[in-house]
Amino acid sequence: MSYPEYKQPLNYGQVGTDILAWWKQNSIFEKSVSSREGQPTFVFYEGPPSANGAPGIHHVMARTVKDIFCRYQTLLGKQVPRKGGWDTHGLPIELQVEKELGITKEDIGKKISIEEYNQRCRETVMRFKAQWDDLTEKMGYWVDLDDPYITFEPEYIESCWALLKKLYDKGFLYKGYTIQPYSPAAGTGLSSHELNQPGTYRDVMDTTVVAQFKVVRDAASEKLFAADDAAPLHILAWTTTPWTLPANTGLAVGKNIPYVLVRTFNPYTGTPVRVVLAEALVGKYFTEKGKEASFEDFKSGDKVLPWRIENTFKGADLVGIKYERLFGHATGFPAFENEENAFRVIVGDFVTTEDGTGIVHISPTFGADDFRVAQQNGIPALMVADDEGKLSPIVDRTGRYVAQMGEFGGRWVKNYDGHDQSGADYKTLDESIAIRMKGDGTAFKVEKYEHTYPHCWRTDKPVLYYPLDSWFIKTTAVKDRLIELNKTINWQPASTGTGRFGNWLENLVDWNLSRSRYWGTPLPIWRTQDGTEEICIGSIEQMKQEIDKAVTAEIMTHNPYANGEKVDLHRPYVDDIFLVSPSGQPMYREPDLIDVWFDSGAMPYAQWHYPLENGEKFQKNFPADFIAEGVDQTRGWFFTLHALAVMLEDSVAYKNVMANGLVLDKNGNKMSKRLGNAVDPFATISQYGPDATRWYMIANAQPWDNLKFDVAGITEVQRRFFGTLFNTYSFYALYANLDGFQATETARVPHHELSELDRWILSKLQSLIKEVRGHYDAYDPTKAARAIQDFVTDQLSNWHVRLSRRRFWKGDLTPDKRAAYETLQECLTTVAQLMAPIAPFFAEWLYQNMTDGLRAAGVAESSPFAPESVHLTLLVQADETRIDPALEERMELAQRISSLTHSLRKKSVLKVRQPLQRILVPVFNDNTRAQVGKVEDLICAELNIKHVEFLDDTSGVLVKSVKPNFKRLGQQYGPKLKVVGARIQQMTAEEISTIEKTGQLTVDIEGETYTLAPDDVEIRTQDLPGWLVATDGALTVALDVTLTDELRQEGVARELVNRLQNLRKDSGLEVQDKIRVTLGQQPELQAAVQAFGDYIREEVQALSLDFAPEISDGTVLEFDDYSVPARLEVATA
RNA sequence: GGGCUUGUAGCUCAGGUGGUUAGAGCGCUACACUGAUAAUGUAGAGGUCCCUGGUUCGAGUCCAGGCAGGCCCA
C-alpha cells in the first residue's frame, strides 16, 4: 500500500507528537539550516524571553509569527540560522527574589550579601527554562536551543562593555541627571514601585501661588500689546510648590488651548495690570460683577476686581514670548549658565485647563515634565555652583535652599529636620515666598489649597522631584538619523512604525542607562573621587591591564585575575576593583548598573561576542532581515536595537519588523493568573494539536490585532480546515491504493490533455501559489492562511473532488483517471508546502503520506519530492502559463448556475436523484454563451440534468428589469441623479428594448431631455413566464420541471442504486467487492431495471440483478411509495 | 492627560480609489443528501455598520468632534 490509510479520525495532538519525534530523530531542523549552506542568508534575531516565569499562550502567538517567516524563507531556499537567547537581568527578577527571601532592597548588602543575592537571581532566572524549551518544541518553534546567548554570561557582558566603550569614545556616554522621586529625609531616590506603596499619597494643605510673569515687550510679544498702551502685561501661572518659583526658567502653554488677555488690577497692590490666562479658567479668578464694574471707581483693597477681556488667541501664538525673571540678580539671586535662553514661553503636551491658569510654570530641576520639555526646547535649568564648583540645583540633598538663594538661603523647603513650627510668627518657606511676592506685585492670588502629594514610605516626609545623577546615552545627538533610518524599516503594521515608534523618536530624550540595582550589567566606568578623571573599560583584557597598573601604584594589593581565574563581571566583584588614574589618583567604579534593555538591544553584537571576536560572523548576520515581538516592545527592544545600530553602525538593526498584539480571553479581557482566565498552552497543544492552535491564531485575526482566544475557534479550524484536508487525502489514498496508483514526476498526463475540471483546479492552484507567496512576502500570514483555507475547502474539496468522485470509482486506470489522481496529488503536495510555515506538523504528515512511497524514485531523479521532509523542499513557483482566467471565470459561472439550480430543485421538491430534462440560461452576449457551453457537461453532471439551453433576446419571452448604474449616472448628472434614477426605474419593456437595440434612449424629465446610454443602466432578467426562475446578480437560471416517463424511470433507477449502495455499505462490503442482487417484484422497479439495468449493475458492482416472487432472508428497501425486499450476496470470483 | 489602535449579524472576521439590496464562516431553525459522512447542499431568521455633526446627488467608506475597549507613555 503506497499511501497510508486511516480508519479513525486523525488525532492531531498525536500527529504533533509523532512528527516531533521524527524531526528530532532525523535532525530535520539542523538539516533545514545545513542543507542551505552557501545560499543567501535570511537573518533573524530572537528577542530573548526571560525564563523566570512559565510561558503563556501569548508566547505561542508571538513565536508562531517568528517561526512562520523563518520556515517560509527556508522554503525559498535561504539559509536561516536561528540562535536562541535568554534575557536574564533586570528588576522583575530582583523583585521576585526579594519576595521569595522576604527582604527589601535595603536589606541587600546587610541581611544578605550582594554575592549571595546575585547567586539567587542567577538561579531564579532560569527556573522555568525546561518548561520554555518544552513549549518551544511542542509548538514547533524552530530555534537553536543548544547554543543560545545568555545575557548574564561573562562574554555577553564583556561585549556590552565593549559597545559601551565605543559609545563612550564617540562621546555618546555622559553623566547628567534626571528628575526622580527623592526623599531628602531618607537621602535616597525612590522607585516607582516604592511610590506605589499604599499610603504614600496623602492629602496635604499647602500654600499655593498664582504668579505674575512680566512679559518683555519686543517683536515676539508686540501683537499682545495695544500699540499705544504701556500698562504692564503679565502671564499668570499657578503652583502648589511656591519654593520652586525661584528655579523657574520657562512657562508652558497648550498649543491649541484658547487664551485671553484680561485688563484688571493686581488685588494686592491695586495697580492696573493686564494678564494672560486660559479662556476656560477666567471664571475662577474673576466675578460676573467685575465684568460690569467701573475701572475709574476702583480703589486698592476693593473686593470686586473690575475686568474686561481685551483679546483672545491660541497657545501657539504665545510661544517664543520672553518674560522677566521672578527673582532676579538685583535682589540677590544667582546668575546661571545659559541664562539668556531661559524665561521663554514654550509648548507643553501636558498642559490642561483642569485647574490653575492653563499655563504651567516650568522648573527643570524639580519636575519630570518640566525637565523633558525644557530639554526639548533648549530651556536651561537653574543650577548654581557649590563650594567645590560642582553644579547643584537650588535645593541641596538634605532639602534646604543653598546659600546663594539670597534672603531665603539655608531655609528648609519642607520640614525635613523636624524643627519647631508651632510659633505664631513661624512661616514656611512657601509662605515667606508668597509674602515677598505680594509685596513685589508678582503674586496675583495666594491661597491655601488641599491636594494629594506623595510621601516617603519610610520617613513619612514629602517626596521631592529632584535631579539625581545618571549616566546617559546621548540618543538625541543622532535623533535625525534615527528618524531617517526608521523610514527605511518595513513595519507591520505600518502605523506602529510611523505612529507609536515614529512619535517616540520625534520626542526623543537621552537614554537614561543608570539603575541603582544589583543584578545586571555593571557600568564599566571608573572615576576619581572628584570626578575629574575617568576611564571606560571595554574588555576583560583591558581591565586586567588596568588592575596591574593599580597594583603597581599600590592602589590594589594584587590582581585577582592574574592566574587566569574565571572572571565574573557582576557585582560585587567589579566593585572591589580599583584603578589608578593618569595622575595617580584611585578610581572607583560608578556604582550603577545599566538598563537591561541595553542587554537585549546589544544582542546582534553580543550574541557573537562581537566586537571582541567573530567580526565576520557579525557582518554576515547584521542587520536582521526580520524580527517580531509584541507591540509592547516598541519602546523597549525595538528601540534599543535601533538606537544601538544607528549609533554604532549607522545602520538599521532590522529591515522588517512585526509588532504583534495581545492575546486576550474570549471575552476580550486580559489574561491573568489572578482572574483564572489564562489559557495553558501545554494543555491546548496536547488537546488540539499544535497545528490547529497555530492556524487558528494566525487565520482568525491579523497578528497585530488583539486576538480574542477561544478554543471553540480551534475546534472549528480543526473540523473545517484540517478535517476537510484530511478527508481529501483519505479519499485520494483509498482509491489510489485500490488502483495501485503511484504518482511520478515524469510521465504525467500532459497538461493540454487534461479535462476542464483538472485544468481549472490547477489554474486555481497556480493563482493560489502566487497569492500565498505574495502574502508571505508582505509579512501578512493571515491572508495567506485564509487563501489556503478557502482553496482547500471550497475549491478543491467541495468542487473539484466532489465533481470528480465518479472518475475515481470507475473502471480501469484510464488516462482520465490517471489525470484525476495526478491533479489531486499535485494539489495536495502543493498545499502541504504552502501551509508548512503555519502548520508545520500537519504539513509534514501530509507531505510524507503523499511522497514517502516515491521517495526512492524522487531521490534517484532529484525530483522536488526527494527531500525527506517538507521543510527541506523548495517551494513551488507558480506556473503562470497554467493560469487561465477565462477558465476560472466559466467555472465560477458553473458554480453559480449549480447553486441557483439546486435552489430551484429545492423549491419544487425535486431531489437531485431525479433527472430533469433541461435548464434555460438567458444570455445576452456570445462570450457568456461560449463560456457556459464549455462547462455544460459539468453542470449537467452536478445537477443531474440532460441539457443546458440558452435563451437569447430574440425569443422575446424574457421579462427584464432595469436598475440605474449610479456610479456612472452620478458622475454625469450629479444633483440630477435622483430624478434620472427614478425615471430609469420606471422604464417600460419597450424602452428597455429600445436602449438595447439602438444603444440609446431619450427621455424627458421635468421638461429636460436626457439621452441614456446602455452603460447607464443595468438590465437583468427578472422572470420567464411559466418557468421556475432564480437569479444571482446578472445571472438567471430557469428550470424545466417536466417529467417524462423516461426521466421518471431513470429517477427510480437512481433511487434503487442508492438503496443498494446503502445496503452494500451496511453489509460491510469493500468498494471493490462484486455482488449478486435479487429483488422482490415491483412494477416501477422492473420498468426501471428494464430500461436502466446496465447502469444499475455497473453502479453497484452487480454481476446479476434479478427479480423473484419470494425473497427469503432479505432486507426491506424503503422507497417513497412502496417497500421491496432485497437479497444481496457477495459474488465469489 | 498624550500617542497609537480597535469598534460591521449572537460569536469570529471580510468589506481597493464613496454608488443606493453590506458579505463569509461558526452558531441557530427547517428541509434535503448519504461509497469523502463527526462531511455536504439549499433555504430562513438575524444589522441604528459605536454616537453626533459635516462634505456630497449619494457615506460602512472621506472630514471634525465625541463614546467605549486595548496597548504604550505621563
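In what follows, chains are A, B, ... by sequence order, proteins preceding strands, each numbered from 1. Computed from a prediction, not measured in an experiment: that's the story for all the values here.
The side chain of A:Asn1062 places an N or O atom within less than 4.0 Å of a non-bridging phosphate oxygen (OP1 or OP2) of B:rG35. For A:Asn700 and B:rC13, the shortest distance from a side-chain N or O to OP1 or OP2 is below 4.0 Å. Phosphate contact (OP1/OP2 of B:rC33, side-chain N/O of A:Arg805, threshold under 4.0 Å): absent. A sub-4.0 Å separation between OP1 or OP2 of B:rG27 and a side-chain N or O of A:Arg719 is present. For the OP1/OP2 pair of B:rU12 and a distance below 4.0 Å, the side-chain nitrogens and oxygens of A:Lys708 include at least one atom meeting the criterion.
Atom CG of A:Asp710 and atom C1' of B:rC13 are 13 Å apart (whole Å).
Between the P atoms of B:rU40 and B:rA59, the separation comes to 40 Å (whole Å).
Note: A:Phe726 and A:Phe722 fail the aromatic proximity criterion, with ring centroids not under 6.0 Å apart. For A:Phe638 and A:Trp491, the distance between ring centers is under 6.0 angstrom.
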Worked check of side-chain hydrogen bond (donor to acceptor under 3.5 Å, both in side chains) between A:Asp739 and A:Tyr821: CA-CA 10 Å; A:Asp739 280 319; A:Tyr821 281 127; 2.6 Å; yes
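Under the salt bridge (Lys or Arg N to Asp or Glu O under 4.0 Å) criterion, A:Asp790 pairs with no residue, sequence neighbours left out.
Contact detail for A:Thr901 and A:Ile919: the closest heavy-atom pair is CG2-CG2, 3.9 Å.
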Which pairs, protein N/O on one side and nucleotides 42-45 of chain B N/O on the other, fall under 3.5 Å?
unit_1 : atom_1 : unit_2   : atom_2 : d
B:rU42 : OP1    : A:Ser899 : OG     : 3.3

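Under the 3.5 Å distance criterion, with hydrogens and angles disregarded, a donor-acceptor pair is assigned to the side chains of A:Arg1054 and A:Asn944. No hydrogens or angles considered: a donor-acceptor pair under 3.5 Å links the side chains of A:Gln702 and A:Asp780.
Along RNA chain B, the nucleotide nearest to A:Trp704 and the one nearest to A:Val351 differ in position, and the one closer to the 5' end is contacted by A:Val351.
Nearest nucleotide to the side chain of A:Ser495, out of B:rU5, B:rG35, B:rU40: B:rU5.
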Where protein sits on nucleotides 67-74 of chain B, one letter per nucleotide: B base, S sugar-phosphate only, - none, heavy atoms under 4.0 Å: ---BBSSS
